[in-house]
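Numbers restart at 1 for each chain; the letters A, B, ... are given by sequence-line order, proteins then strands.
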Number of protein chains: 2
Amino acid sequence: MNIEPLVNYIKQYIDLTPDEINILSGLVKYRKYLKGQFVVQQGDICRYENFVVKGCLKTFHVDQEGQQHIVMFAIENWWAADLGSFITQSPADYNVQCLEPTELIQFSHRNLEQLYRHVPKLERFFRIIIQKAYVASEKRVIRNFSLTAKERYLAFREQYPKIEQRVPQYMVASYLGITKEFLSKIRAQLISE
Amino acid sequence: MNIEPLVNYIKQYIDLTPDEINILSGLVKYRKYLKGQFVVQQGDICRYENFVVKGCLKTFHVDQEGQQHIVMFAIENWWAADLGSFITQSPADYNVQCLEPTELIQFSHRNLEQLYRHVPKLERFFRIIIQKAYVASEKRVIRNFSLTAKERYLAFREQYPKIEQRVPQYMVASYLGITKEFLSKIRAQLISE
DNA sequence: TCCAGATATTAATCTAATTCAACCTATTTT
DNA sequence: AAAATAGGTTGAATTAGATTAATATCTGGA
């Protein structure tokens, strides 16, 4: 169980004493997944908030017509979960699936509440993390409205170059909210410019 | 200064002692705005996180082409700010403007940090609030991808009936990411059905 | 009461993006 | 080596929604 990446990540935002690190490491699970495995499935309750130690995941929603919409990707030092489901312990709207062999540090709902009690500083940590996620999500809403598909693709490439290299193109298209064919055309056009 | 609505709102999530309420009320400002006034302007630093006691506001972004995109509306018992700007105390991407005479309870960045120190429970409160906001924002991203403009309008009407009655139709269109003309067409179509 | 500005509708034309269908690689599987 | 599978490209037809422009309606002052 390699908890170090998580500790380093947390230390960017708050200090942790060795004692607190011990409490933390006693309240999380370390788990490995194979490529293709589901960490959360739409309709199930999301049991864990997951910190990615290694690997790559996609969070996606399947709509009434059976179409897949990717909400986000997660790689090393990111988080993956259906947070809405996790918070309220109600059925998930999203699936979280491994695109590579993946290792996660998992916080169960109950243990996270315990953790808040024993290390209240972590309440602050998670507030800060979620604030950042929220701000990013709002920016995405605006970008989707004010930019063309091509501009959105360029912004994605700029912002997440590491992800573009790790996931197939049709998933990038799904993340951008366009068809794979149209992304292919955009790319062809960019090359010929 | 009418702090009661805020206290009642907070008490939905955490308990507050009379002492804590006192500390709180000592660290917030109460301010009235006229219709049309700006609470935050794009480019300025967002000084306050604002709780709406009375009134109605819009948060919007003006893009390079000068087009206005409404990110959210806020009415009684909601929050209004450019949270990204507030958190990092950097220039705002959004404007927050009053659509009616409005009364706000304002948390300055510095006072909020003090408040966290004196009443650590509030760290928990704001974490919960922001979690909810984040989940709502993600849902909006998905809805924008998987629903047609008509479906999005119907969802908006369902979810925020009070807001639809209070703001002009062209602002609803902006919130939905469509033109006012197209919204008008959708409405005509819905009536004739 | 009437005017001016703000808001809403309608219709014609235009365009970004989708759909569908065929085809083209690579890479695994048998 | 053949066949199956996953990923990517290309082109023609279609559509959701934008743009433009003209007209209509509503509203709150002087």
Is B:L190 reachable from B:L147 through a run of I, L, V, M, F, W or Y residues, each pair having side-chain heavy atoms under 4.5 Å apart? no
Parallel, tilted or perpendicular: ring planes of B:F156 versus B:Y175, cut at 30 and 60 degrees: tilted
So that I can tick it off, tell me whether A:R124 and B:E113 are bridged by a salt bridge, with the cut-off set at under 4.0 angstrom between side-chain N and carboxylate O. yes
Rounded to whole Å, CD of A:Q68 lies from C1' of C:dT18 at a distance of 18 Å
So, is A:Q169 near the phosphate of D:dT9, with a side-chain N or O under 4.0 Å from OP1 or OP2? yes
Got a list of protein N/O to nucleotides 28-30 of chain D N/O distances below 3.5 Å?
none

If I take atom CD in residue A:Q189 and atom P in nucleotide D:dT9, what distance separates them, rounded to the nearest angstrom? 14 Å
Using atom OH of A:Y170 as one end and atom C1' of D:dT5 as the other, report the distance to the nearest whole Å. 11 Å
Rounded to whole Å, CG of B:L99 lies from P of C:dA6 at a distance of 15 Å
Separation of C:dT27 atom P from A:K35 atom NZ, nearest Å, is 13 Å
Check the distance between C:dA17's C1' and B:N144's CG and give it to me in whole angstrom. 16 Å
From the list B:K32, B:R166, B:K58, salt bridge (charged side-chain N to carboxylate O under 4.0 Å, His left out) partner of B:E100 resolves to B:R166
Hydrophobic cluster membership, B:W78 vs A:V141, 4.5 Å side-chain cutoff: no
Do B:I178 and B:F145 sit in one hydrophobic cluster, given that two such residues count as connected whenever their side-chain heavy atoms are within less than 4.5 Å of each other, even indirectly? no
Sugar-phosphate or base contact per nucleotide [nucleotides 10-25 of chain D; S, B, -; heavy atom under 4.0 Å]: BBB----BBBBB----
Here's a test for you: under ring-ring contact (aromatic ring centres under 6.0 Å, His included), which of B:F125, B:W79, B:Y48 qualifies with B:F107? B:W79
Any donor-acceptor N/O pair, B:Q114 side chain to B:L27 backbone, under 3.5 Å: no
Can you tell me the distance, in whole Å, between the CG atom of B:L190 and the C1' atom of C:dT10? 16 Å
Let me know the distance between CE of A:M171 and C1' of D:dG7, rounded to the nearest Å. 10 Å
Modelled atom types, side-chain donor and acceptor of B:E164 and B:Y160, under 3.5 Å: no
